[in-house]
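Structure first, commentary second.
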Number of protein chains: 2
Amino acid sequence: MRWEEIDSQVCSIARALAIFGDRWTLLIIRDAFRRVRRFSEFQKSLGITKHRLSDRLTRLVDSGILEKRMYDEKRSRYEYRLTAKGLDLYPVLMSVVNWGDKWVCDEDGSPVVFTHTQCGHTCHPKMVCDVCDGEIVATDIEPSVGPGVAQKVSRGDWSPAMGES
Amino acid sequence: MRWEEIDSQVCSIARALAIFGDRWTLLIIRDAFRRVRRFSEFQKSLGITKHRLSDRLTRLVDSGILEKRMYDEKRSRYEYRLTAKGLDLYPVLMSVVNWGDKWVCDEDGSPVVFTHTQCGHTCHPKMVCDVCDGEIVATDIEPSVGPGVAQKVSRGDWSPAMGES
DNA sequence: CATTATGGGTTCCAAAATAGAACCTGTCAA
DNA sequence: TTGACAGGTTCTATTTTGGAACCCATAATG
């Protein structure tokens, strides 16, 4: 299978990764959360080639994660800003930070700490069940077929042989 | 900058993505959480070429996310299983699922639903502050320099010009 | 016993993606 | 007038990838 076809799977992970699951894209989004907004700022921060950056920014705009906004009419200069869809990626980045801080950071400690302005404290975001508030651990979750698959099966659009459950 | 150099940054995201931030790797990890364990099962599920798969599995074993365990002495057959380091990636996958369910799934609804065995309910994992239990939203978090950078600066190992804050 | 299937790869080649450098274009500041 | 800057595009050499073919040990089949 070609990488471009992976988003044909009925799988939210595959479809999401089709957008940001390649080299550089998630780092660009990380920078966007740090208020990096201009082409040259991204380039300096990432050390990515202009060509790659141009391509990645265009894709991110096309997929609705960034929006391109003119900030200088005369010189037609643009900024790239996160949309609501992009801002919603925050928990993804946060969970990557958490994992990285635990498993791949050196002995000095984590490079960045986070303050939750709602409560004023330094916080370590964690993932919890929205029903019982218990922390989510892999072994406590049991996946099962959801409506997105069930309805396709009942219409005959889909059978398990086609791909992922 | 070459992709192989990105993990030289003092940034947990960059270092984490150096391991799983490329095409296929996170999908392999997804499958591992679905109890896919053998080479041929991964291949069938992903449609990836054997060559790629072999390379990615080796990297994942080298970086301690999967372990290779013999299950048939005579034929020297191996299974790949998540280590503790790998199992800890669950919140990353979960936050990708959440985002994908919200933004890139079709109208039938989400393909998979999750039951939290601790409480027995279908759940939608969410990210919260570990101090006040408030849900984490991008605009409520203020990052600041952490010990991992502060100590390097005080030792003279690092200056902001070198890379990321 | 010869043949074929299976799991888990490796080797080879052509096609696609990438890095790095050079170039372009329009404005502005000295 | 010259140069700098932002924001690109074009070019080429190198890597990475996809696809197919091949390999090897065991096991099942005829």
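Every chain is numbered from 1, with letters handed out A, B, ... down the list of sequences. Side chains included, hydrogens not; waters and symmetry mates left out as well; all remaining heavy atoms used.
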- [ ] Can you tell me the distance, in whole Å, between the NZ atom of B:Lys50 and the C1' atom of D:dC22?
- [x] 10 Å
Task: Nucleic acid contacts - residues 67-80 of chain A versus DNA chain C, non-hydrogen atoms under 4.0 Å - done: A:Lys74, A:Arg75, A:Arg77
TODO: Please find out if less than 6.0 Å separates the ring center of A:Phe20 from that of B:Trp99.
DONE: yes
TODO: Could you tell me the separation between the CZ atom of A:Arg52 and the C1' atom of D:dT16, rounded to a whole number of Å?
DONE: 12 Å
Open item on the list: Check A:Lys152 with B:Asp106, please: is the shortest side-chain N to carboxylate O separation under 4.0 Å?
Closed with: yes
Task: Atom pair distance, as rounded to whole Å: CD1 in B:Ile6 and P in C:dT18 - done: 13 Å
TODO: Looking only at side-chain atoms of A:Trp3, point me to the closest of D:dG18, D:dG8, C:dA19.
DONE: D:dG18
- [ ] Identify, between A:Arg38 and A:Glu5, the residue whose nearest nucleotide on DNA chain D lies closer to the 5' end.
- [x] A:Arg38
Task: Shortest side-chain distance from B:Arg2, nucleotide among C:dG8, C:dG20, D:dA6 - done: C:dG20
Task: Working for salt bridge (Lys or Arg N to Asp or Glu O under 4.0 Å), residues B:Asp72 and B:Arg75 - done: CA-CA 6 Å; B:Asp72 183 339; B:Arg75 280 179 279 186; 3.1 Å; yes
- [ ] With heavy atoms under 4.0 Å as the rule, sort A:Ser54 into base, sugar-phosphate or nothing.
- [x] sugar-phosphate
Task: B:Thr25 and B:Asp22: CA distance, side-chain angles, deciding distance, side-chain hydrogen bond (donor to acceptor under 3.5 Å, both in side chains) verdict - done: CA-CA 6 Å; B:Thr25 301; B:Asp22 62 352; 2.5 Å; yes
Open item on the list: C:dA17, OP1 or OP2 - any side-chain N/O from A:Arg59 closer than 4.0 Å?
Closed with: no
TODO: Check the distance between D:dG18's C1' and B:Gln43's CD and give it to me in whole angstrom.
DONE: 12 Å
- [ ] Round to a whole Å and report the spacing from CH2 of B:Trp24 to P of C:dA16.
- [x] 16 Å
TODO: Could you tell me the separation between the CG atom of B:Leu57 and the C1' atom of C:dT10, rounded to a whole number of Å?
DONE: 15 Å
Task: Any B:Arg56 side-chain N or O less than 4.0 Å from OP1/OP2 of D:dT17 - done: yes
- [ ] Specify the separation, in whole Å, of atom CG of A:Asp55 and atom P of C:dT18.
- [x] 7 Å
Open item on the list: Is the distance from the ring center of A:Tyr71 to that of A:Tyr78 below 6.0 Å?
Closed with: no
- [ ] Please confirm whether the backbone N or O of B:Pro147 pairs with a side-chain atom of A:Asp108, one donor and one acceptor, at under 3.5 Å?
- [x] no
Task: Atom pair distance, as rounded to whole Å: CD1 in B:Ile28 and C1' in C:dG8 - done: 15 Å
Open item on the list: Using a heavy-atom cut-off of 4.0 Å across all strands, would you classify A:Thr49 as base, sugar-phosphate, or nothing?
Closed with: base
TODO: Answer yes when B:Arg38 and B:Glu79 have at least one side-chain N-carboxylate O distance shorter than 4.0 Å, and no when they do not.
DONE: yes
